[in-house]
Novice: 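Sharing a structure here in structure tokens format.
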Amino acid sequence: MAMAMMIRNAASKRAMTPISGDFGGLRSMSSWWKSVEPAPKDPILGVTEAFLADPSPEKVNVGVGAYRDDNGKPVVLECVREAEQRLAGSTFMEYLPMGGSAKMVDLTLKLAYGDNSEFIKDKRIAAVQTLSGTGACRLFADFQKRFCPGSQIYIPVPTWSNHHNIWRDAQVPQKTYHYYHPETKGLDFSALMDDVKNAPEGSFFLLHACAHNPTGVDPTEEQWREISQLFKAKSHFAFFDMAYQGFASGDPARDAKSIRIFLEDGHHIGISQSYAKNMGLYGQRVGCLSVLCEDAKQAVAVKSQLQQLARPMYSNPPLHGAQLVSTILEDPELKSLWLKEVKVMADRIIGMRTTLRESLEKLGSPLSWEHVTKQIGMFCYSGLTPEQVDRLTSEYHIYMTRNGRISMAGVTTGNVGYLANAIHEVTKSS
């Protein structure tokens, strides 16, 4: 009895003893996170938050990087609906392997490398399923840091803002290279080539395979060939982020042309692929990271290390989105339907570019808007200044990122006239 009382008293004392902190003193439970400040708002996601809070019936959101139909509504592709029906009632809910769905990965590689790729046949590609394109970029950044610890990454100016976050958090030093020319609103090709030439031999470069985000400016086929040849002369490593295959031109093969050129020239490259845009699987987080290796043996080793990196991050990728992609791509009818639907999405955006440009020209704008139709993909780099964007928001309830990036997916036949008029009003005195 006495022993039991002593144990209870000792336990009570332990429960009342304050937790000792790292600095030898006593720390109250409320002070652990006292030094944590609110994170800055994401420049892209913050636009949507502001749009949703605006009660104006005239508000327009051209900031979101997600496809909308001509009524401004989100779209679920018919091929996806059919795949969902086929998967309904599935009894398989087990973990995928660390590398994800082998079937989905194999089908995805064919989209990037080609149906008859010798590299696929020779098993020279190390590839894993990832958490969409963001996850693929982050996994590669960590792989780069672990196995090329002294390296850095060259990133274009401008680029998708999250690219900087990804390589920063992987602790890979960043440098930039010229890409966009503000005056021509096109590619600054000569400066780009100078930067590639002047980079230390064997440097890592991040390239947008197609539909450059945020500018919509892509090199021509001939320019890609020149870039590839210079990369070869300098022994640079090209890492392609391909978030918009099929979504840019409506033709997945055409949108992979930059990658095919590098493969023809004998490069060993890395590729990030995503099904967020081209299948509308934004919330399913389906992607793939691939690295072309010297031979099959090296590919096995690289894949094992990619899986090892994924294990403490998220262990293994989600199942459902991978099943949807596999169901669509392995069925000829569903794949054909997908190709038709992705072309419809691309064509709608191309059509809205034409309409927006024509509307601005009809209003008598003193500026050239030729770049609106020259650029490609989801985004138009309008040339609007941050101050002009602020006026669009405050006076016309039009929301976009302050760098002037317009998501053409948010432009519809119902709002394009209003958008053009507002742009004309804030730019006519420029």
Novice: What residues, two or more places apart in sequence or in another chain, satisfy ring pair (Phe, Tyr, Trp, His ring centres under 6.0 Å) together with F262?
Specialist: F231, F240, H267
Novice: Looking only at side chains, do S249 and D251 share a donor and an acceptor under 3.5 Å apart?
Specialist: no
Novice: Is it the case that R405 and N213 place a side-chain donor and acceptor less than 3.5 Å from each other?
Specialist: yes
Novice: Regarding T413 and D70, do their side chains bring together a donor and an acceptor under 3.5 Å, going by distance alone?
Specialist: yes
Novice: Within the supplied structure, the quantity of interest is the number of heavy atoms (other residues, nucleotides, ligands) at a distance under 6.0 Å from K343 NZ; does it exceed 12?
Specialist: no
Novice: Does anything in residues 288-345 form a ring pair (Phe, Tyr, Trp, His ring centres under 6.0 Å)? List the pairs, not counting sequence neighbours.
Specialist: none
Novice: Go through the steps for H371 and H181 under the test ring pair (Phe, Tyr, Trp, His ring centres under 6.0 Å), then give the verdict.
Specialist: CA-CA 12 Å; H371 60 283; H181 197 298; over 10 Å; no
Novice: Return the orientation label for the F143 and F147 ring planes: parallel under 30°, perpendicular over 60°, tilted otherwise.
Specialist: tilted
Novice: Run the salt bridge (charged side-chain N to carboxylate O under 4.0 Å, His left out) test against K175 and tell me which residues pass, sequence neighbours left out.
Specialist: none
Novice: Check the side chains of H268 and R124 for a donor-acceptor pair under 3.5 angstrom, ignoring hydrogens and angles.
Specialist: yes
Novice: One thing to verify: whether R254 and E221 come together as a salt bridge, which I'm taking to mean a side-chain N less than 4.0 angstrom from a carboxylate O.
Specialist: no
Novice: Tell me which pairs pass ring pair (Phe, Tyr, Trp, His ring centres under 6.0 Å) where either residue lies in residues 90-126, with sequence neighbours left out.
Specialist: none
Novice: When the ring planes of Y177 and Y179 are compared, do they come out parallel, tilted or perpendicular, using 30° and 60° as the limits?
Specialist: perpendicular
Novice: Could you list all the ring pair (Phe, Tyr, Trp, His ring centres under 6.0 Å) pairs where at least one residue sits in residues 376-395, not counting sequence neighbours?
Specialist: Y180-Y381
Novice: Does a sphere of radius 6.0 Å around CD in E333 hold more than 12 heavy atoms from other residues, nucleotides or ligands, not counting ones at 6.0 Å or beyond?
Specialist: no
Novice: Where do D265 and S228 come nearest, in terms of heavy atoms and distance?
Specialist: OD2-OG, 2.5 Å
Novice: With distance as the sole criterion, is a donor-acceptor pair present between the side chains of T108 and Y275 under 3.5 Å?
Specialist: yes
Novice: Going by the rule salt bridge (charged side-chain N to carboxylate O under 4.0 Å, His left out), which residues pair with D390 if we only count those two or more places apart in sequence or in a different chain?
Specialist: R402
